[in-house]
Amino acid sequence: MPPTNSKNDDALLERAAELIRGTTNAIAVTGAGISVESGIPDFRSAHGLWARYPPDQFATMDAFLRDPDKVWEMWYELAENLQGVKPNPGHYALAELEKMGHIKAIVTQNIDALHQHAGSKTVIEYHGNTDQIACTACFRHRKMDLSHRALGAPRCECGGVMKPDVVLFGEVIPEYALRTSDMLARGCDALIVVGTSAQVYPAAGLPFLAKESGAAVIECNTEPTNFTNVITDVFLQGPAGETLPKLVERVKSVTD
Ligand code: APR
């Protein structure tokens, strides 16, 4: 297991900075953990979303088709909670690494659009986003309208029931996101994986794919994951909102 960085041990930070300083071909893969410091609960931590809304009842396609009104209760709440949330220093740090030319793209599992709001230009939304809703019959899209919350599951002009334009369990990843992320993981020199429990595939396969293709893996998480003992080269333990800005500062400070 890679050594974790204790308070004053910034050798790992320097190692991670060296890996990033030396490339214009890094990517980041992010999960819910990077948005926790923006006030959005993650899914699987003790007080995560799935503790209140069991995913088998609220986040699978079967559950949706069985009882769309019930499933919409959670999605309306989630979309409402996302109103007004702001990126945190972790999002801004990744946007800065893109601006400095080190990160080429972010593949995010998150649906909160906070990377884009922080200024990241190339963001692949692997699990969609809550901006749009899509008809399950004719696939027509329209903007999410929270004022319809009292009416339950929104209906399309064609009569079909509409769902949030996010990937529910049992649905496939949008073709563009799948292919592009795969290509980026295979081609990058370094991959920074931030705030994901590494439990949901195919997203969790991307860091493995990068590693197999010769990339270095830097992991930022508050606790070890399935990646840490197996493919992580540098494990930066701590909240992303603190760790990633330190990494950016270190990348900027060229030590002699
Ligand atoms: N900084 C860094 N990491 C954090 C922080 C933080 N401030 N807070 C929590 N974490 C870590 C947790 O330790 C955990 O490893 O973030 C991870 C969050 O894991 P999950 O809640 O499982 O979220 P995620 O990995 O994004 O889930 C993947 O599963 O439910 C589906 O579609 C949903 O996209 C989601 C996918």
Side-chain angles (χ1 to χ4, degrees), residues 4-5 13 16 28-61 63-64 71 74-75 77-79 81-82 85-94 106-115 118 123-130 163-174 177-178 181 191-208 217-232 234-247:
T4 56
N5 62 334
L13 209 49
V29 173
T30 65
I34 197 171
S35 297
V36 165
E37 290 154 274
S38 294
I40 305 173
D42 64 12
F43 293 97
R44 293 175 182 80
S45 295
H47 305 291
L49 198 69
W50 291 158
R52 284 188 298 129
Y53 292 106
D56 60 326
Q57 297 170 42
F58 289 92
T60 67
M61 203 51 198
F64 181 83
V71 169
M74 181 193 83
W75 290 102
E77 181 188 314
L78 202 61
N81 292 346
L82 293 182
V85 289
K86 299 254 181 300
N88 65 61
H91 296 103
Y92 288 113
L94 292 183
I106 295 176
V107 179
T108 188
Q109 300 172 83
N110 301 339
I111 55 176
D112 54 32
L114 289 182
H115 287 301
V123 180
I124 293 153
E125 294 180 310
Y126 210 71
H127 292 155
N129 65 55
T130 53
K163 67 178 275 291
D165 203 18
V166 296
V167 178
L168 299 178
F169 289 109
E171 286 194 284
V172 292
I173 303 297
L178 196 69
S181 306
L191 180 146
I192 309 174
V193 55
V194 187
T196 180
S197 62
Q199 292 183 40
V200 176
Y201 283 79
L206 293 170
F208 287 99
V217 174
I218 298 163
E219 182 177 13
C220 168
N221 200 308
T222 44
E223 58 192 41
T225 68
N226 301 343
F227 298 135
T228 315
N229 291 322
V230 183
I231 57 170
T232 297
V234 184
F235 181 46
L236 301 175
Q237 184 152 16
E242 291 169 26
T243 308
L244 291 178
K246 282 185 197 157
L247 175 60

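Atoms within a ligand are numbered from 1 in the order they appear, just like the ligands themselves.
Every atom of ligand 1 is numbered from 1 in the order shown, and the set under 4.0 Å from a heavy atom of Glu223 is 13 (O). The Gly195 neighbourhood of ligand 1 comprises atoms 3 (N), 16 (O), 17 (C), 18 (C), with distances under 4.0 Å to a heavy atom of that residue. Residue-ligand proximity, Phe169 to ligand 1, at heavy-atom distances under 4.0 Å covers atoms 30 (O), 31 (C). Listed by number with element, the atoms of ligand 1 under 4.0 angstrom from any heavy atom of Pro239 are 1 (N), 6 (C), 7 (N). Each of the following atoms of ligand 1 lies closer than 4.0 Å to a heavy atom of Trp50: 30 (O).
Regarding atom 6 (C) of ligand 1, its nearest protein heavy-atom neighbour is Gly33 O, 3.3 Å. The protein atom (non-hydrogen) at minimum distance from atom 2 (C) of ligand 1 is Ala240 N, 3.6 Å. Taking atom 33 (C) of ligand 1 as the reference point, the nearest protein heavy-atom neighbour is Phe43 CE1, 3.7 Å. When only non-hydrogen protein atoms are considered, atom 8 (N) of ligand 1 lies nearest to Val36 CG2, 3.7 Å. With respect to atom 27 (O) of ligand 1, the closest heavy atom belonging to the protein is Arg44 NH1, 3.0 Å. Here the heavy atom of the protein found nearest to atom 25 (O) of ligand 1 is Thr196 OG1, 2.6 Å. When hydrogens are left out, the protein atom nearest atom 11 (C) of ligand 1 is Asn221 OD1, 3.2 Å; that is the closest non-hydrogen contact. Closest to atom 28 (C) of ligand 1, if we only count protein heavy atoms, is Gln109 OE1, 3.2 Å.
Within the 4.5 Å cutoff, the side chain of Ile218 has no heavy atoms near those of the Phe235 side chain. At a threshold of 4.5 Å between non-hydrogen side-chain atoms, the residues Leu114 and Lys86 do not count as touching.
The proximity of Val200 to ligand 1, defined as any non-hydrogen pair under 4.0 Å, is limited to the side chain. Only the side chain of Glu37 comes within contact range of ligand 1, with a heavy atom under 4.0 Å; no backbone atom does. Looking at His127 against ligand 1, only its side chain comes within 4.0 Å, counting heavy atoms.
Under the side chain to side chain donor-acceptor pair (under 3.5 Å) criterion, Ser38 pairs with Asn88, not counting sequence neighbours. Remark: Asp112 engages Ser35 in a side chain to side chain donor-acceptor pair (under 3.5 Å) (not counting sequence neighbours).
Not a single N or O atom of Asn110, backbone or side chain, sits closer than 3.5 Å to an N or O atom of ligand 1.
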Exercise for review: Go through Lys163 and Met61 one step at a time and tell me if the side chain to side chain contact (heavy atoms under 4.5 Å, CB included) criterion holds.
Suggested key: CA-CA 10 Å; Lys163 67 178 275 291; Met61 203 51 198; 3.8 Å; yes

Exercise for review: Give the intermediate values and the outcome of side chain to side chain contact (heavy atoms under 4.5 Å, CB included) for residues Asn81 and Ile40.
Suggested key: CA-CA 8 Å; Asn81 292 346; Ile40 305 173; over 6 Å; no

Point to revise | Residue pair Ile34, His115: steps toward the side chain to side chain contact (heavy atoms under 4.5 Å, CB included) verdict | key: CA-CA 10 Å; Ile34 197 171; His115 287 301; 3.8 Å; yes

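The aromatic rings of Phe58 and Tyr53 sit perpendicular, their planes meeting at an angle over 60°, well past the 30° parallel limit.
Not a single heavy atom of Tyr126 sits less than 4.0 Å from an atom of ligand 1.
Listed for the Glu219 side chain is no donor-acceptor partner under 3.5 Å among the backbone atoms of Thr232. Side chain of Glu171 to main chain of Leu168: a donor-acceptor pair is present (N/O by atom type, distance under 3.5 Å, no hydrogens or angles). Not one N or O on the side chain of Asp165 forms a donor-acceptor pair closer than 3.5 Å with the backbone of Asn129.
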